[in-house]
Amino acid sequence: MSHTEKSENLNEAISLAANVILSGGIGGIPTETVYGLAADALNPEAVRKIFAAKGRPFIDPLICHVCDMSMARSIAFFTRDAELLAQKFWPGPLTLILKRKPCVPDIVTAGLETVAVRMPSHKVTAELIRKCGRPLAAPSANPFGYVSPTCAEHVREQLGDKIDFVLDGGECSRGVESTIVSLSEDSRSAGKILRFGPIAPEELVAALGRALDCNPKVNEARPTAPGMLKTHYSPRSPLFLFDSPEQVEGLKSNIIFMRRPENPLSNHYWLSENGDLETAARSLFSLLRRLDKVSPGGFYCQRAPERGIGLAINDRLFRAGKPMQGSV
Ligand code: AMP
Ligand code: MG
């Protein structure tokens with residue numbers, strides 16, 4: 001297929017998807033973080049279908065995806081700090097929690113007075129939102145609690161029969177869900193990171209020129225972000241976490257390392273050649289899914305260094321598995 005034919009097909013697919021969304025349907029959309037399951041954010045009946053397809057509890061609010069600032073301002077009140085962060089990191093993998101405007105249905109925000117807003121950078125989805133002319137509510141396109149999807153095939157495999165379309169935009173370039181920052185409180189208060197993601201805490205602090213609360217906490221009773229539940233992003237097979245390669249020496253189970261081991265064995269896998277954390281994040285969910293299928297007795301994954309996107313990798317691993325015995 002020629003390049004032009006391919007892009008014509010893609011344009012056609014985006015137009016069809018926009019029609020489905022505008023008539024109340026739902027479908028898989030590519031973003032730079034993970035694939036989303038999208039509906040018209042202003043149509044409560046359509047949004048309800050997302051919860052049904054995912055088996056997601058209604059207490060778990062959704063992120064609204066926008067394509068420009070005027071759409072963003074139509075659903076949320078932007079503080080000065082919010083303007084600053086949007087200007088610096090949008091379009092990109094940052095979600096802002098802001099005071100909502102009345103047009104946002106309760107089902108989207110789980111009845112909260114705040115709404116989560118993000119402007120994704122993926123060209124296909126940006127174009128889809130532009131064609132729809134309204135924000136798209138979209139959580140990750142996976143059954144609730146399972147590992148997030150990072151390619152169209154992951155979405156088809158698990159939700160294909162429950163949704164109206166999947167737009168294929170290739171593999172996600174970031175591979176972990178967006179960083180979530182709450183700025184909804186009084187602007188004099190510090191603001192808070194609710195979920196680690198591709199934008200590192202120090203980047204946010206530098207952009208704001210002030211401190212942020214950078215300790216997302218596990219809160220089972222009333223999670224502000226369900227990504228904050230202790231068990232989330234979980235494979236079905238047991239996953240054990242370790243720090244140094246000596247801890248897994250001689251084990252016959254499948255083992256994921258952060259970087260390629262010097263003398264890899266047939267049960268060894270790695271998230272990057274040289275330990276690059278951006279690459280590791282991009283490969284993480286795909287490899288967890290792959291090994292989940294072939295490791296019924298369980299498998300192992302090494303934790304990342306606690307810096308940059310490594311914080312997001314470890315956060316997902318913490319919720320997906322448990323420390324192997326003898327490690328902390
Ligand atoms: P997902 O798209 O599956 O990664 O989930 C969206 C995340 O955004 C969840 O962890 C939600 O709890 C979080 N979220 C959405 N809206 C809000 C809000 N108003 N306040 C706090 N967290 C939110
Ligand atoms: Mg999710």
Side-chain angles (χ1 to χ4, degrees), residues 26 28-39 41 47 50-51 53-66 72 75-77 79 82 93-102 104-120 122 125 135-150 154-155 158-159 172 174-185 191-199 213 216-235 281 284-285 288-289 312 315-316 318-320:
I26 60 171
I29 58 165
T31 84
E32 68 277 26
T33 58
V34 301
Y35 271 70
L37 178 55
V47 174
I50 294 179
F51 287 88
K54 276 187 63 104
R56 182 173 172 115
F58 287 112
I59 54 154
D60 197 350
L62 307 180
I63 298 174
C64 291
H65 296 75
V66 299
I75 54 172
F77 291 97
T79 57
L94 178 68
T95 296
L96 301 175
I97 307 292
L98 302 170
K99 191 167 182 308
R100 70 150 152 175
K101 292 207 168 156
V104 185
D106 276 345
I107 189 170
V108 172
T109 66
L112 296 172
E113 279 314 302
T114 51
V115 61
V117 191
R118 180 164 102 81
M119 191 189 294
H122 198 293
T125 284
L136 299 186
S140 51
N142 51 286
F144 183 70
Y146 194 68
V147 179
S148 296
T150 54
H154 293 162
V155 184
Q158 289 191 303
L159 297 175
C172 300
R174 300 299 199 132
V176 290
E177 300 84 349
S178 58
T179 305
I180 303 183
V181 186
S182 168
L183 293 171
S184 65
E185 298 140 335
K192 201 173 186 168
I193 296 182
L194 297 184
R195 178 173 75 186
F196 289 129
I199 309 283
D213 178 351
K217 296 206 177 63
V218 174
N219 179 351
E220 291 283 358
R222 180 143 176 55
T224 338
M228 293 164 85
L229 291 170
K230 166 64 189 93
T231 308
H232 207 68
Y233 313 113
S234 299
L284 179 68
F285 288 152
L288 289 180
R289 279 173 177 258
D315 170 77
R316 306 315 185 264
F318 169 72
R319 292 166 218 283

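Start at 1 and go down the list; that is how both ligands and their atoms are numbered.
Side-chain atoms of Thr179 do not come within 3.5 Å of backbone N or O of Leu94 as any donor-acceptor pair. Side-chain atoms of Ser234 come within 3.5 Å of backbone N or O of Arg319 as a donor-acceptor pair. Put simply, the side chain of Lys54 gets close to the backbone of Ser140: a donor and an acceptor are under 3.5 Å apart. With hydrogens and angles ignored, the 3.5 Å screen pairs no side-chain donor or acceptor of Arg289 with any backbone N or O of Thr150.
Those atoms of ligand 1 that come under 4.0 Å of a heavy atom in Ser140, given as number and element, are 1 (P), 2 (O), 3 (O). For ligand 1, the atoms closer than 4.0 angstrom to any heavy atom of Ile180 are 7 (C), 8 (O), 13 (C). Each of the atoms 17 (C), 18 (C), 19 (N), 20 (N), 21 (C), 22 (N), 23 (C) of ligand 1 lies under 4.0 Å from some heavy atom of Ile97. Applying the 4.0 Å criterion to heavy atoms of Thr114 picks out, from ligand 1, the atoms 18 (C), 19 (N), 20 (N).
For Thr95, no heavy-atom contact with ligand 1 is shorter than 4.0 Å. Contact annotation: for Lys192 versus ligand 1, there are no heavy atoms closer than 4.0 Å.
Remark: distances from the non-hydrogen atoms of Leu112 to ligand 1 include one below 4.0 Å.
Of the N or O atoms in Glu177, none lie within a sub-3.5 Å distance of an N or O in ligand 1. By the 3.5 Å distance cut-off applied to N or O atoms, Thr109 is not counted among the residues near ligand 1.
Comparing Lys54, Arg195, Arg100 against atom 4 (O) of ligand 1, the shortest heavy-atom distance belongs to Arg195.
A side-chain N or O of Arg195 and one of Ser178 form a donor-acceptor pair less than 3.5 Å apart.
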**Message:** What verdict does the side-chain contact (heavy atoms from CB on, under 4.5 Å) test give for Asp106 and Arg100, after you've listed the backbone C-alpha separation in whole Å, the side-chain angles of each residue and the deciding distance to 0.1 Å?
**Reply:** CA-CA 10 Å; Asp106 276 345; Arg100 70 150 152 175; 2.6 Å; yes

**Request:** Step by step, work out the side-chain contact (heavy atoms from CB on, under 4.5 Å) result for Leu98 and Leu183.
**Result:** CA-CA 6 Å; Leu98 302 170; Leu183 293 171; 4.1 Å; yes

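Coordination check, Asn142 versus the Mg ion (ligand 2): failed, since every N/O/S atom of the residue sits at 2.8 Å or beyond.
Electrostatic pairing of Glu32 and Arg118 counts as a salt bridge here, judged by a charged N lying under 4.0 Å from a carboxylate O.
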